[in-house]
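Since the structure comes first, as structure tokens, the remarks are kept for the end.
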Amino acid sequence: MIVKYIKTNFQLFANLFQVKYLPYYLMIIFSTVILVMSGFDWQYFMLVIQNVPTYFLFVADILGFLICLLAPLGLFVLRKKSDFAASAYLASLYVVTVGYMASTFIKIFTGRVSPPDDIIHNSLNIQTVIDNSHNFQFGLMREQIIGGFPSGHATIMFTLAFVLSSFTKNIYLKVLFFAIAIFVSVGVSLVFHWLSEVLAGAILGFVVSDVILKKYGKENKL
């Protein structure tokens, strides 16, 4: 069972690199170039760091972590009581693992330098903070991958939103899934990630969701 699960993860991961997904990867590249070169990444960071309470960041970070753990587990427990859970629980499990694999794999090579997060501990004077939004350390593991490009939180949350919303026709559930994805993604963009990393994660999330749904999707929605 475990061997099959691991094998399936790598099969799904390999499917992410099909030619048909090239336009989405180009979209990620172009949107990142625009946000970085225009200075919008930095302007957004300076705006939120001065106007948004830092507790919002930590609430979003913890919520994202809990959802990664509890969503597959909760759907698994409810699979015999809910048609939705029965249909979606296996797909949701692969959302977390394949989404994490995809975002981390890209981070290994992009080496995006994270925002100066020491500022949230008041150890940096906001007036003297240097713009490091242009810094990429391309190569192999030239920068830490806890933060980095793209955002793992955004990748997994949007993958989960796309996947779960495909299993239901209930518009309120669809809105809820994407509202949570946006809340978590915007939250981590306050300090942990640049805005471009969150956008890249959302686009990557669509690609990952498409790969998963090709294998574990369901035509008969609720």
Side-chain angles (χ1 to χ4, degrees), residues 1-29 31-32 64-79 82-110 112 140-141 145-168 173-174 177-178 180-182 184-185 188 193 197-222:
M1 183 67 177
I2 296 179
V3 173
K4 181 180 179 181
Y5 170 71
I6 295 175
K7 182 179 179 181
T8 301
N9 271 290
F10 281 101
Q11 289 175 340
L12 293 172
F13 176 74
N15 289 339
L16 295 173
F17 302 99
Q18 298 177 67
V19 175
K20 67 177 181 179
Y21 295 124
L22 180 59
Y24 297 99
Y25 292 115
L26 292 176
M27 192 184 305
I28 289 174
I29 293 172
S31 63
T32 300
F65 177 75
L66 290 176
I67 289 175
C68 289
L69 292 178
L70 299 180
L73 179 61
L75 291 171
F76 176 78
V77 171
L78 296 173
R79 72 191 187 285
S82 164
D83 290 338
F84 173 78
S87 302
Y89 85 91
L90 189 57
S92 71
L93 180 61
Y94 287 109
V95 163
V96 177
T97 51
V98 179
Y100 179 79
M101 290 170 66
S103 60
T104 302
F105 178 77
I106 297 175
K107 289 179 184 183
I108 289 173
F109 298 99
T110 54
R112 182 79 184 273
L140 182 63
M141 289 295 293
I145 58 174
I146 300 299
F149 176 93
S151 164
H153 278 78
T155 300
I156 296 174
M157 288 298 102
F158 274 96
T159 302
L160 192 62
F162 283 121
V163 168
L164 293 185
S165 65
S166 75
F167 286 96
T168 180
L173 282 179
K174 291 176 182 287
F177 296 148
F178 282 99
I180 293 174
I182 292 172
V184 172
S185 299
V188 298
H193 286 286
E197 295 173 354
V198 169
L199 178 58
I203 298 172
L204 180 60
F206 175 79
V207 175
V208 177
S209 69
D210 190 67
V211 166
I212 293 174
L213 289 172
K214 286 289 191 296
K215 188 173 180 66
Y216 294 104
K218 183 181 180 182
E219 292 298 324
N220 299 319
K221 301 176 183 178
L222 302 182

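Note that this is a predicted model, so its numbers are computed, not measured. Because only heavy atoms are used, hydrogens play no part in the values below, and waters and symmetry mates are left out as well, while side chains stay in.
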#### Entry: Close side-chain approach of Val98 to Leu16, heavy-atom, < 4.5 Å
yes
Centre-to-centre under 6.0 Å for Phe177 and Phe167, is that the case here?
no
Closest heavy-atom pair, Ala71 versus Leu160, reported as atoms and distance to 0.1 Å, is CB-CD2, 4.1 Å
For this session: Determine whether Pro150 and Ile28 make a side-chain contact, defined as any pair of heavy atoms from C-beta on separated by less than 4.5 Å.
Result: no
Point to revise | Heavy-atom side-chain proximity of Ser103 to Ile156 below 4.5 angstrom | key: no
Heavy atoms of Ala91 and Val163 approach each other most closely as CB-CG1, 3.8 Å
dist Leu22:CG -> Met27:CE (nearest 0.5 Å) comes out at 10.5 Å
Heavy-atom donor-acceptor pair, Ser209 side chain to Thr159 backbone, under 3.5 Å: no
- Item | Lys4 atom NZ, over 12 foreign heavy atoms within 6.0 Å | no
Output for pair (Leu90 CG, Lys215 NZ), nearest 0.5 Å, gives 9.0 Å
Per ring-ring contact (aromatic ring centres under 6.0 Å, His included), Phe105 is matched among Tyr100, Phe10, Phe13, Phe149 by Phe13
**OP:** Could you check if a side-chain atom of Leu164 sits within less than 4.5 angstrom of a side-chain atom of Phe84, using non-hydrogen atoms only?
**Re:** yes
(message) Counting only heavy atoms not in Phe65 (residues, nucleotides, ligands), do more than 12 fall under 6.0 Å from its CZ?
(response) no
To the nearest 0.5 Å, atom NE2 of His193 lies from atom OG of Ser185 at 9.0 Å
The reported gap from CZ in Arg112 to CD1 in Ile106 (rounded to nearest 0.5 angstrom) is 13.5 Å
Heavy atoms of Leu75 and Ala85 approach each other most closely as O-CB, 3.4 Å
Tyr25 side chain reached by Ile203 side chain, heavy atoms, under 4.5 Å: no
CG of Leu78 to CG of Leu73, rounded to nearest 0.5 Å, is 9.0 Å
Looking only at heavy atoms, the pair that brings Met157 and Ala181 closest together is O-CB, 3.6 Å
Side chain to side chain, Lys20 and Asp210, heavy atoms closer than 4.5 Å: yes
Report task. Check whether any side-chain heavy atom of Thr8 lies under 4.5 Å from a side-chain heavy atom of Tyr5, and answer yes or no. Result -> no
For Ser151 and Thr155 the tightest heavy-atom approach is O-OG1, 2.8 Å
Exercise. On the 0 to 90° scale, with breaks at 30° and 60°, tag the Tyr24-Tyr21 ring pair as parallel, tilted or perpendicular.
Key: tilted
Q. Is Asn15 close to Lys214 at the side-chain level, that is, under 4.5 Å between some pair of heavy atoms?
A. no
Heavy-atom closest pair (Phe162 atom, Ala202 atom, distance to 0.1 Å) is CE1-O, 4.0 Å
